[in-house]
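The structure's right below; bear with me while I get my questions together.
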Amino acid sequence: MPHTSRLHVPRPPSRPGEAPDFGYVRLSPAGAVARPDVAASAADMESLSVDLIRVLDDEHRAQGPWNPRLDVAELQVGLRYMLLTRVYDDRMLKTQRQGKISFYMKSTGEEAVAVAGTMALRPTDMLFPSYRQQGAYLVRGSALVDLMCQLLSNTRDMCKGRQLPVMYHSVPGRVFSISGNLATQFPQSVGWAMAAAIKGSDDLASSWIGEGSSAEADFHHALLFASVYRAPVILNVVNNQWAISTFQGYAGGEQRSFAARGPGYGIPGLRVDGNDFLAVYAATAWAAERARRGAGSTLLELVTYRAAAHSSSDDPSRYRPRDDADRWPLGDPVERLKQHLIALGEWSEERHQALAAELDARVAAAWKEATTYGTQTDGPRLDPDLMFEDVFKELPQHLKEQRDDMHRGRG
Amino acid sequence: MPHTSRLHVPRPPSRPGEAPDFGYVRLSPAGAVARPDVAASAADMESLSVDLIRVLDDEHRAQGPWNPRLDVAELQVGLRYMLLTRVYDDRMLKTQRQGKISFYMKSTGEEAVAVAGTMALRPTDMLFPSYRQQGAYLVRGSALVDLMCQLLSNTRDMCKGRQLPVMYHSVPGRVFSISGNLATQFPQSVGWAMAAAIKGSDDLASSWIGEGSSAEADFHHALLFASVYRAPVILNVVNNQWAISTFQGYAGGEQRSFAARGPGYGIPGLRVDGNDFLAVYAATAWAAERARRGAGSTLLELVTYRAAAHSSSDDPSRYRPRDDADRWPLGDPVERLKQHLIALGEWSEERHQALAAELDARVAAAWKEATTYGTQTDGPRLDPDLMFEDVFKELPQHLKEQRDDMHRGRG
Amino acid sequence: MAQMNMIQALNAAMDITMTRDPSVVVLGEDVGYFGGVFRVTDGLQRKYGVHRVLDTPIAEGGIIAASIGMAVNGLRPVAEIQFADYIYPGYDQIVSELARLRYRSAGAFSAPVTIRTPCGGGIRGGQTHSQSPEALFAHVCGIKVVMPSNPYDAKGLLIASIEDDDPVLFLEPKRLYNGPFDGDPNKPAVPWSTHPKGEVPDGHYHVPLGKAEVIREGNALTIIAYGTMVHVAEAAARSLSLDAEIIDVRSIVPLDVETLCRSVAKTGRCVIAHEATRFSGFGAELTATIQERCFWQLEAPIQRVCGYDTPYPHAFEWEYFPGTQRVARALAAVMEAR
Amino acid sequence: MAQMNMIQALNAAMDITMTRDPSVVVLGEDVGYFGGVFRVTDGLQRKYGVHRVLDTPIAEGGIIAASIGMAVNGLRPVAEIQFADYIYPGYDQIVSELARLRYRSAGAFSAPVTIRTPCGGGIRGGQTHSQSPEALFAHVCGIKVVMPSNPYDAKGLLIASIEDDDPVLFLEPKRLYNGPFDGDPNKPAVPWSTHPKGEVPDGHYHVPLGKAEVIREGNALTIIAYGTMVHVAEAAARSLSLDAEIIDVRSIVPLDVETLCRSVAKTGRCVIAHEATRFSGFGAELTATIQERCFWQLEAPIQRVCGYDTPYPHAFEWEYFPGTQRVARALAAVMEAR
Ligand SMILES: Cc1ncc(C[n+]2csc(CCOP(=O)(O)OP(=O)(O)O)c2C)c(N)n1
Ligand SMILES: Cc1ncc(C[n+]2csc(CCOP(=O)(O)OP(=O)(O)O)c2C)c(N)n1
Ligand SMILES: [Mg+2]
Ligand SMILES: [Mg+2]
């Protein structure tokens, strides 16, 4: 039967043992892509979904109309958050390996997506991240200790022990709750933005999903509702090429870019170098201006690479070449912003090492503090009665009875 | 609150009491749109989703590269099926009004969509219609009596009394079962086509939904799976401008055409004059050739107008001008093919009248026969035991017991 | 007090909450300009504008998702799903998101969304316009589930639902929109104006969530029902001249176990009736709970009268529908058992 | 005979049916090249090719819909949903389409699709990797629902499911993939090789759908369970040295009422245990049916031991999980009642 089959089956460019091949990634030179007015029609901006918006060139200089012309101070803040994200990720994976937390997911190689994508917004804008935007919480001021307490499900866990590690939220930081269900928050962010528009407020929503998750129905719901009501929302698809073991071709990336879905719905779709802090910042700022001007939503595809494993349960060497990440043509976002600052004369290897050491110490200190509020094995523990709360606003009779049952002895 | 709202809310061009206004429908002259090779890339065919493929011009002549150059005999067969559809619809609505059937849905004004869309395929291709493609069953040889028995839920009902009127199917005609759930069959047709490809067969699937239904998640599933596996399937969106009381703008039609969704998924999207028998035929044949050549699927938007009420339960004068259908710029599909044949010297008003009379008599005779197999009030009735069958292939114990319970007395 | 049918009562509930609270918005397919296919939202868009009464795309999943987002941003959406049979494309957003948001965020976020949807049979609607899916939501923690049986309760429960801070699935037995229905399609239609519960106060009031109502006191046995089946139960008890106690559950989640068990403990006999299919239906939960708590008072097995375990069959509606006689048969059996 | 864990047994079932019947195809997220996140489909793509073992987009609704279409065109798809918690985006296609196709078309069309999905808790998976949604499908007419508790049954039931002409939801208690689990996370893990049901024949065989298994005969009371809870039930009965009769339901739909009722009629006492939340869970149906049929033999109220009615809480897994002691408490209560 397979011989005569006409079914097309996508295949990644390389498998374990083969040489990585990123020839399929369509590149544009830095500065080469035009920056239209935010109110231009989606139809007139279709090329943005094919080309790749890049600002930093190979000499680490910022080029072209998308250069957001940020202050040095702002660039340094961006570098700091990206590096903090990386240091945090590295250490937290280690704690998972030591059995101190049950699960972890890194964002290594994708730090610019969340950090620049958040810095380009106002603090009152609402964020709907997925599980790989830890940088957003940092930019929005979540304390490391608070994030770690969530990972530990300890007595200070913001989720009161109810969620897997990395399913953070932040009320003061305006970062929405997430769960393990992919893509569900994408159309919710559109509803949030619709409400902002109904209320006449100036705030917008920004939401992130992986390219694999764009296959879910909720991706369609989000684009459709955003288009029909011209909701002030930024819809980010983080194309890190992989969804666990599944190559982006299986989400439809073989035929067209993910940004290209936007124009079909009348929404501009921008293909952006996701490892270029400046490009991500500029594209986000452009989309934010569009939303605030009442011109509607924007779909951003952030082209990046999942340099690490999918999660602490995953081993990517089973399905892709080991040295893939090193060959990724868009480089590393931390390194690129660092080199840009060095090229500007505003940074150095020494300052970078010092910053890394400082952040590492901060993360270590925070971990130490976090563990005093309890770990999986030691120290104080959340009251199991909390299990029954927040199912409803008031505890109903049947849950009171079940709580009593629990008091009779667990297990 | 509404004063400051920035939410965009689509509005139809005219409401009851206002003059119909179809200025929003983008037209192209007959024959003006190029016909690319079926294997051209979707990206190179994007203009097809903006322009309107038309063959019949205002003088009723066939024009341009999309002219399918059909025999006169074939054109006459097409006219016959379209007229039969119309006569059938008119009479069946009347029987509903007389209380003889519980519910009915007409396809008036859209007859070319199903008739040409079916005639352009092979009899072994599988059809997945929605509820407004009655013409497909006629082309595929379903007997009028059989369709009517379904409407009557009588002893010869192909659905054994289990379905609302118009939810036909045909095994010999290769027309799939439908239900009231919108859009569900769209991705199923893709699965069917994937299986055809896996098996190496030459058959394709063709599926129809309304423009309103394209808002459902299953529209996205269909396009995505069709794109990823290059399934041999034709995905038809029948844009008849309305979804019950809701204007097509609410399905995203305000910003872009429905055909324009295709290219975002790497699928060519063709905007076709749905009231032009020749254009529908040609576009379908083109898409079929594409599928059979292994080039993958095609999205067809058939631009037409729902000239009648949504269903026998609907009164469109509550939400749109009464004379809307008369002002529809693409005219009436039956009239247009009739005039084309007259212009070719192969038809006349007299022959048309005679055909109408013949078909009316056929429909009347079929109705008479159908009612002998039972009506809602008289004659033989399906055995209520059938209610319990086909839930599973074998009748399980609990349904046997419930059948026994029913035997103890109904009501 | 005014005479209202259930459509008018539901409309009044939305009208009142929209007037009192500018954060209440209504959305759904055909609900705006047209006023809904059952006219339940008639006039609301004219009165409150296109930004508070929104026509939507035909995407139930999108409607629920957008409602959640709106609610998180401070609105109180009342979403209509045109038929309960079409709620499943929104099932993931309800089960995985709406019902769990408060829990998973430890109260940081919540979404007070009310989902209204017409349910139930008896209207010749066939398999896709007749379903009663309450059990598919009752099993989901974190969403309340309500079904009124008359205009008075419909208005009071809908106001309470919209004003409740938890999400609520509000099921409307469409066979009751225009009048009570005792299960006999051959009887002439009765309007709500002939029924005491068709008297509906003009203003704001609550029928509290979580409270069943004993609509008829009695000692011989307890009949537990909700929605259309309340009226069928009454007719069945009448037909046998039984001194039945009849309870309208009204609130499926949270369930008023106390009222139910107090009654069964008194009568010792119980029949449960619902339109939904029997297997793993909500009648099972009612039965299980009552037998756990009233075991020693029970004088006969609890009986369920339900829709048969098949899709809703168009042509066999009146064989399928659990009507007066089927309920009466169960009543008789439970009374005889000893 | 070979020693197999449940993963190997399931893999063998697919391997055998794919060899015997070229129309069997496997599809799902990460099932192809990678062999599935639990490795259940490991090696199948290598053996049968990329056209019979398909990686898919992450779209559960699309996976089910495509499977239906494939089945209508003569294939026998075995679709994997990566976790049962993620089945809801496909719920409409299952409920409205897969389960009803044969009925609505009067047998003209049918879709023999098997949906495999890992379910249940005990793996520290939190709210979205621990759910047991069987009741949400048991209430839906037209789809069979199965859950094995050991490798032998897993293989035989999966072969029977794939070869069955009706659609089947095949729930795999992932806590049992590598070994039996009696509910105590502190005990060292036990492999299937230590368990008699880890002996699995190499070839083709069926464990029939619709048949429960009495896994331990006894006279004191009946314990009804399925999946992981079968092992917990055994441990609980052992801990009290009770002469319990333990029944593994295996097939939730259709349900083997006869085997269940024969046992309860004999013992007069019954405890039902499942991981799923209690309210309107499948235990309710079991309770309701048994009390209807065995009322006069019952010497105590039937008790349910279930997951509490909250989402599955990550940090309180072992308070939440209905373990040995909770089951033992119910056993003791049922034995004491008189
Ligand atoms: C509805 C749903 N289906 C399946 C999964 C299992 N799953 C978790 S992450 C993942 C891959 C997601 O890939 P992508 O969206 O590309 O995000 P990335 O991990 O690359 O950041 C899958 C399939 C899930 N969590 N939710
Ligand atoms: C899932 C689902 N949601 C809602 C409905 C109710 N409904 C029936 S037809 C219809 C309008 C469909 O419009 P369109 O797709 O444009 O098709 P048309 O009727 O114009 O042919 C609606 C909303 C349904 N049948 N199924
Ligand atoms: Mg990814
Ligand atoms: Mg339409």
Fill in: Residue part contacting chain C, namely of B:L182, when any heavy atom lies under 4.5 Å
side chain

Worksheet item: Is it the side chain or the backbone of B:D383 that comes within 4.5 Å of chain C heavy atoms, both, or neither?
Response: backbone

Worksheet, complete the sentence: Whatever's closer than 4.5 Å to a heavy atom in chain B on C:E317 counts as neither

Worksheet item: So which of C:E319, C:R124, C:R326, C:E29 has the largest heavy-atom pair count under 4.5 angstrom toward chain B?
Response: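 Going by pairs under 4.5 Å, I would pick C:E319.
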
Worksheet entry | Residue that, paired with B:S311, satisfies side chain to side chain contact (heavy atoms under 4.5 Å, CB included) out of B:K106, B:M105, B:Q96, B:R132 | B:M105

Practice prompt. Pick whichever of B:N154, B:D218, B:D405 has the most heavy-atom pairs under 4.5 Å with chain C.
Written response: B:D405

Worksheet item: Given that the side chain runs from C-beta out, which part of B:Q376 has a heavy atom under 4.5 Å from chain C: side chain, backbone, both or neither?
Response: side chain

Worksheet item: Looking at the rings of B:W208 and B:F186, which for Trp means the six-membered one, are their centres under 6.0 Å apart?
Response: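 When the ring centroids of B:W208 and B:F186 are compared, they turn out to be at least 6.0 Å apart.
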
Worksheet entry | Between B:D314, B:T184, B:L382, B:N181, the one whose heavy-atom pairs under 4.5 Å with chain C are most numerous | B:N181

Worksheet item: Considering all heavy atoms of both residues, which atom of C:V113 and which atom of C:A71 are nearest to each other, and what is their separation?
Response: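 Where C:V113 meets C:A71 most closely, the heavy atoms are CG2-CB, 3.8 Å.
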
Worksheet entry | Proximal component of B:A243, with respect to chain C [non-hydrogen, under 4.5 Å] |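 It is both, since atoms from each part get that close.
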
Practice prompt. Just give me the residue among C:L54, C:T310, C:D309, C:V327 that pairs up with chain B most often, heavy atom to heavy atom, under 4.5 Å.
Written response: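 Of C:L54, C:T310, C:D309, C:V327, C:D309 has the most heavy-atom pairs under 4.5 Å with chain B.
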
Practice prompt. Tell me, out of B:R15, B:R408, B:Q163, who's got the most heavy-atom pairs with chain C below 4.5 Å.
Written response: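 Counting heavy-atom pairs under 4.5 Å, the top option is B:R15.
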
Worksheet item: Are a donor atom and an acceptor atom from the side chains of B:H310 and B:S245 found within less than 3.5 Å of each other?
Response: no

Discussion item. Report which part of B:P16 has an atom under 4.5 Å of a heavy atom belonging to chain C: side chain, backbone, both, or neither.
Written reply: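 Both parts, backbone and side chain.
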
Item to complete: Without swapping roles, check the side chain of B:N239 against the backbone of B:E211 for a donor-acceptor pair under 3.5 Å.
Response: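 It does not hold such a pair.
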
Worksheet item: Around B:E394, counting heavy atoms of other residues, nucleotides and ligands shown, do more than 12 lie under 6.0 Å from its CD?
Response: no

Discussion item. Measuring from atom OH of B:Y168 to atom CG of B:D157, what distance do you get when rounded to the nearest 0.5 angstrom?
Written reply: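 Going from OH on B:Y168 over to CG on B:D157, the span is 10.5 Å.
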
Worksheet item: OH of C:Y91 to CD of C:E97: how many Å apart, nearest 0.5 Å?
Response: 14.0 Å

Worksheet item: Tell me, side chain or backbone of C:T324 under 4.5 Å from chain B's heavy atoms, or both, or neither?
Response: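 For C:T324, backbone heavy atoms alone lie under 4.5 Å from chain B.
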
Fill in: Basic-acidic side-chain contact under 4.0 Å: C:K47, C:D15
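Looking at C:K47 and C:D15, the cut-off is met.
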
Fill in: Option in B:L152, B:D390, B:L399 with maximal non-hydrogen atom pairs under 4.5 Å from chain C
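Top count of heavy-atom pairs under 4.5 Å with chain C: B:L399.
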
Item to complete: Pick one of side chain, backbone, both or neither for C:Y308, based on which atoms fall under 4.5 Å of a heavy atom in chain B.
Response: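 Backbone plus side chain of C:Y308, per the 4.5 Å heavy-atom cut-off to chain B.
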
Fill in: Structural part of C:Y312 lying under 4.5 Å from a heavy atom of chain B
backbone

Worksheet item: Is a side-chain donor-acceptor pair under 3.5 Å present for B:R6 with C:H51?
Response: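 No pair is found: no donor N or O on one side chain lies under 3.5 Å from an acceptor on the other.
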
Practice prompt. Go through B:G210, B:G212, B:A251 and name the one with the most non-hydrogen pairs under 4.5 angstrom from chain C.
Written response: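 Counting heavy-atom pairs under 4.5 Å, the top option is B:G212.
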
Practice prompt. Kindly say whether the aromatic ring centers of C:F279 and B:H398 come within a distance under 6.0 Å.
Written response: yes

Worksheet entry | Most chain B-contacting option - heavy-atom pairs closer than 4.5 Å, from C:T56, C:V37, C:D85 |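 Top count of heavy-atom pairs under 4.5 Å with chain B: C:T56.
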
Worksheet entry | Max heavy-atom pair count under 4.5 Å with chain B, selected residue of C:Q325, C:R329, C:Q127 | C:R329

Item to complete: Please state whether the side chain, the backbone, both or neither of C:V232 comes within less than 4.5 Å of a heavy atom of chain B.
Response: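 Neither part.
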
Response to the item:
Assert top hit (heavy-atom pairs under 4.5 Å, partner chain B, pool C:G32, C:P185, C:G125) equals C:G125

Discussion item. Less than 4.0 angstrom from a charged side-chain N to a carboxylate O is my criterion; do B:E110 and B:R306 meet it?
Written reply: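 Salt bridge: no.
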
Practice prompt. Report the option among B:K160, B:R11, B:R381 that has the most heavy-atom pairs separated by less than 4.5 Å from atoms of chain C.
Written response: B:R381

Worksheet item: Considering only heavy atoms, which portion of C:D184 lies under 4.5 Å from any heavy atom of chain B: side chain, backbone, both, or neither?
Response: neither

Worksheet item: Just checking, any donor-acceptor pair under 3.5 angstrom between side chains of C:D92 and C:S96?
Response: yes

